[in-house]
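Working notes, structure below.
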Amino acid sequence: MSKNIVADLTAWVRTAAGLSMTIAVIVAIAATIHTGPYLLVNTIVTGGMLALVATGLTLMLGVLNIPMFAHGEYFMIGSLTAYYIFTPISEFILEHPDSWLVTFGPFIAILGALIGGAIAGAISEKLVFGPLRRRSTDNWVMNSFLLTVGLSVLLVNLHQLIFGADFKGIVGYWQGMPISIAGAYISLDRALAFIISAVIVALFYLFMTYTRTGMAIRAVSQDITGAEIVGIDIEKIVLLTISLACALAAVSGGSLLFMIPSYPSVGLEPLYMAWFVVILSGLGNILGAVVGAFMVALLKVITVEYVGAGWDFVVPSALIMLILIFKPSGIFGSDVRGVLDK
Amino acid sequence: MGTKKILQVVACFMAMLFLAGGVASAADKVLPVGVLGPFTGPSAQTGKEFQASVEMALETINYTVGDYKIEPVWVDSQSDPAKASGAYAEAVEGKGIQAGVLNWHSSVAIAAMDVAAQYKVPHMFGFGASEVVNQKWQADPEKYSYWGGKGWPVPAKLEKNYIVALNKAIEAGTFKPKKKLAAIYGEDTDWGRSAGGSYKTALEASGWEVHSEEYFPATQTDFYPLLSKYKKDGVAVVAGTSTSPAAITSFVKQSQEIGLKSVIVASGLGWIGDWYKMTGPASDYVLDSIPQLTTPEAQQWAKDVKAKYGFNPSPSAGGLSYDGIRMFIKILQRTNELHGTLDKKTIHQTMVEEVNTGKLTYGKKDGAIIMNEYKYTADTMPDMVVAPDAYFFPILQYKKGKGSIIFPDDWKQKDFEQK
Amino acid sequence: MEPTTNDLNMNLFDRVLDRLCLTPIGLAGLILLLILPFIPPFNQEYMLRWLIYCGFVAAMSVGFDLTAGYINIVNFGYMAVAGTGGYTSALLVINAGLSPWIAMLAGGVSSAILGLIIGMISLRLRGIFAACLSWFFGLAVMGLAIKMVWLTRGPLGLRTPRLFETESNFPFYFLIIILVYLTYLVCKWVVRSKMGLAFQAIAQNMEAARTSGIDPVFYRVFNFTMSCAIAGVLGGFYAHFYGILTPDMMHTSKTVEILAVAYIGGRGSLWGGAVVAFPFIFLMEIVRSTLSHLPGLNLVIYALVLILVMIYYPGGFSYFYDTHIRQPKNRALRYFLNGREAKV
Amino acid sequence: MIVLETNNLTKKFGGLTAVNAVSMTINQGDIVGLIGPNGAGKTTFINAISGLNPPTSGTVTMFGKETSGLTPEKMCRLGLSRTFQIPSPFPKMTAIESVMTATIFGNPPGKITDPVAHSREMLEFVEFPMKETVVAEQLNTVQLKRLDLARALASNPKLLFMDELASGLSEGELKDIMRIIDKISKKGISILMIEHIMQLIMAVCNRLLCIQFGTKIAEGPTQEVANDPKVTKAYLGE
């Protein structure tokens, strides 16, 4: 019995996923011993944020086969919505420091971001993706990719035209002493943002696995004709999936507003990072994306620690390129195939 | 049918082209002045402040100098030297600007200098502090005399004051670092690196050990890894700068969150009008060197900007540019007095003969709101005279969103306080 | 593949045109571009500057289309490749005292090597994966240009000597027009040869292509290398025209600009992007300049056009031209649009 | 003369063995039918030989030369050509261009002096029913199969693999195909064809190879294999 487990474990370690995860854990432990526990804390907190941004992208890619280049712009929409909701709330809080809004105001803002993202996603589906899908699904992946490139430029510049290019930021969501974990401090905002992202990713996973709608989405991602035969309304599922993916991006923008103020091109960095995660973990693999998010976070933190600030861009992209060369489908592979890939 | 439509489109397009060409003709007695700034792109907030300053300054003279109506032409640098030089050339050729004012980035300055020289258009008060601009200027002062006095001296002249102030605090016993270990950070731009270089020189000259020199992209907002490294190594002073509001406010805020005890120099935090809204109490004890709006005129100006444009102007991008454009107006008035006509030739002549020699200056008596006096001399060109009674940034320490001057001694409002 | 004609019935003019891959209307367009700087209002320096930028985008889009349109791989790091060429050229001029003309070619060689590497490592990848690989490659190259300050001076910008001593833009304009045409001609010759068939075959059906005896490795790598070499030379032009290089020129958004023009022009046509670039980029510059109080409006239009083209007319301008304009009833007009039609 | 010989050819995908130690031979002039139930590994088998999916183990010998693991383009030069189950000769090319591609790249340089004429000849040979300038994506499956066959023949192969060439054809079309196969055989080209239509197999094949679950269960003259109880069982189940 135990021999079997050992054998299974060694077999698992030999797979790409096992190997890279083992290396990641070893590197994390070694670096933590070498520099201190703050490295691990930073990795986990950063990873939580990346996971939230990356799952939305994964959903878009895995189910609809849309390589979303405008994902960061939905992040921007989320942070913008949260900013406009939270600014009056924070003014109110200043005058009424005992109000229940002190605790729950931020949640309203973040929820607002979620809803804003979902609406924006639904509008994009109606105006952009829907028409493209109905006209032709020829060469779908590349065409939809280029479409999102246009969408990204459009949203960035609309933001600038309408809201201006200044940085719209807040002091923070929750005031209070930073939390200390093993000698490393993290702010209340950051800790709560991590919890929010963990909860949302978990809820999302449960939704995809156990609810009827979630199963329908997965069915669509695997076999569109089969899904149609069993009576799933494809149009509705596609609409839902896009809003969901955009809402995930937006909610991460909303919950990170305390750290990343809203401005037109704010989405670029989350976009790069989300793509790193998705390529690393394999397209359309949600659990893989979560693990991948922590790996990219580790890579980022380690690079800053040992190479220097500003390199946390060059080193991960070079490494992920290597992974693409040797393991084109990502280290976790992908078990879902997009519907529109011909 | 199809062909007809195409022809229509082509006709419309041609019509637009000629319309665009026709804009070039200018009426008599109008003086178009180019305002070069990043009106779009990552530094668009600065562009907004420029625009407010220019409009407010021109309103004080009712847009007229002598018989001339001053017409501002917005030249968008888009924070990109290549695009800026194109836009500048276009403003000269297409809109006939006779002079230019302001500018933000050094990389843009380097490209625009050549355009100004090429078209012989005098340009005043461009920021763009880095040494490269000065080196290029000094390589051919004749040619680049069109790129007049800069609005911001090279970082070495002002940024070293932080270190001087800190060393003085050590002498006075108000600052007791465990070890003389300092880290340098900055945004990865010409400005960030120049400023970082001057901190380094000043630190090493006064017996400090430099822990590290790190430059990050202007869009970075997560500094936990970097700050944790400083905390672990017990860095006593963290000195650096960024012009990006997102980066610098996050840096300050997160330094408090992770419990970094070092003295933080955040040069440029106050360049953002609404910085306290973004950092909150995390900015306590942070050092900065932004002049405050001390005089009543200055405060009135800030109120007016807020009332008219809806944002709190920063003393640097807003205040300095306001002074800059007012100085430029003084130059125009002087030129009008001397020559009776205003064009690029006469303005350039005044600049070379009167401004660059120190004859014409602009100061508190003229209504300057930020500096005591803006004065250029043959020795300092293209920089201005940097001295406490001329152009000078005092070193401030923030507490509760208010800065108190800790350096120089004769301006001092209070002593340096350690966190 | 367009069959090359050796029809002896063609007169000399038609034969020369055919060799130069031009139709009478193409020749007319080229002549128009060459006399444009003498016609007001285009004779102003700032308009020339715009036109030079148009020409740069036009030539880049031709090189881009060689990969995107013929082997169906979007090189999403194309401007980074051009930037590498530009930096190589600039550094050679500054540090080794080379003439900018020779250095431009050296820039082409360095970019070709980069293209060779991208081509080799992306061999196993198709579609979006290959695009991602070239994208990350571009990001990494740009990151290096930012961080290797000792060499590139990073974001401080590298000052570069200009190609011509004069301050006028005239010589640059003619040079870029020649470069646009040369780029088009070289690419067209390649795709007219049997190589063009091989490119299309491996793009359209890799398995059928391989069983028909086509070695995909060679043709894909060759295509990448050539397209990148073109980008490198053009990057050298960029460096020695603007007189300043910053890593910003390698940014993804710049590649998007090229890509948009190439796709609006019509992929797989080579000429589409070049033809569209001039009016389109020029118009955008006018919008930017006249409506300067609405910053970013030109980019909004830019994005809208790209989105609309992608949804409603993915074939782009060249497809529109081929299906609606190319075959008018009038014989003279038809000759003007198509040249002497080859009899196969 | 032996044209092709496989020896214990095996192809695994991860843990799944798609082709298991299949040995077979094709002689000069043979028309061998490769039969077996759906999913038996027939296409994988010919993919392994032609190099699209190189075999995991075992050897392939063509014209006395070991060719296992060679790329498809090399196999093409050695005289092997094939059609595809889902025929998709280059969708954006015209019919003649598709054939010309194989004419130009499938033959040694200089051998074909006039590729256009040669391609046209191939289209006529397969009795291609449409104009040569038709774009491939506008064709229906039957027309595509003809075009794919012309493309495969354009490289002047000595051995031709045909993957379900006749599926979905009407009675009349079947007759045409038989005639064309006959013509191909007369040119001295050996054929290995995957086929389900027994009528066609019985009419043209002189030998049969039957595989099931990746394993060879019968090989021999047509009648013999067709009457083999193991083969019947494979098709009809227990």
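All chains are named by letter (A, B, ...) in the order of the sequence lines, taking the proteins before the strands, and each is independently numbered beginning at 1. Here the structure is a predicted model, which means the values were calculated and not measured.
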Exercise. Hey, would you say the C/F76 and A/F145 ring centroids sit under 6.0 Å apart?
Worked result: yes

Exercise. Can you tell which of A/F276, A/F129, A/F69, A/W311 has the highest number of heavy-atom pairs within less than 4.5 Å of chain C?
Worked result: A/W311

Problem set entry | Part of A/L319 within contact of chain C (heavy atom distance under 4.5 Å) | neither

Exercise. Do you know the tightest heavy-atom contact between C/V62 and C/A274?
Worked result: CG2-CB, 3.8 Å

Problem set entry | Interface moiety of A/L268 toward chain C, non-hydrogen atoms closer than 4.5 Å | side chain

Problem set entry | Under 4.5 Å from a heavy atom of chain C, the part of A/L146 involved | both

Exercise. Is chain A contacted by the side chain of C/Y312, its backbone, both, or neither, given a heavy-atom distance below 4.5 Å?
Worked result: both

For this session: May I ask you to test the A/V128-A/L151 pair for a side-chain heavy-atom distance under 4.5 Å?
Result: yes

Problem set entry | Heavy-atom pair of closest approach, residues A/G121 and A/C246 | CA-SG, 3.5 Å

For this session: For C/M148, look at atom CE and say whether over 12 heavy atoms of other residues, nucleotides or ligands are found less than 6.0 Å away.
Result: yes

Problem set entry | chain C contacts, top residue of A/I320, A/T148, A/N143, A/V149 (heavy-atom pairs, under 4.5 Å) | A/N143

Exercise. Just checking, is any N or O donor in the side chain of C/S269 or C/Y321 under 3.5 Å from an acceptor N or O on the other one?
Worked result: no

Seminar exercise, completed: Interface check, chain A: of C/L306, C/L299, C/V305, most non-hydrogen pairs under 4.5 Å belong to C/L299

Seminar exercise, completed: Smallest heavy-atom separation, A/H159 atom then A/Y263 atom, equals CE1-C, 3.8 Å

Exercise. What part of A/M321 is in contact with chain C, defined as an atom under 4.5 angstrom from a non-hydrogen atom: side chain, backbone, both or neither?
Worked result: both

Exercise. Where on C/N72 is there a heavy atom nearer than 4.5 Å to chain A: the side chain, the backbone, both, or neither?
Worked result: side chain

For this session: Give, as side chain, backbone, both or neither, the part of C/L308 having an atom under 4.5 angstrom from any heavy atom of chain A.
Result: neither

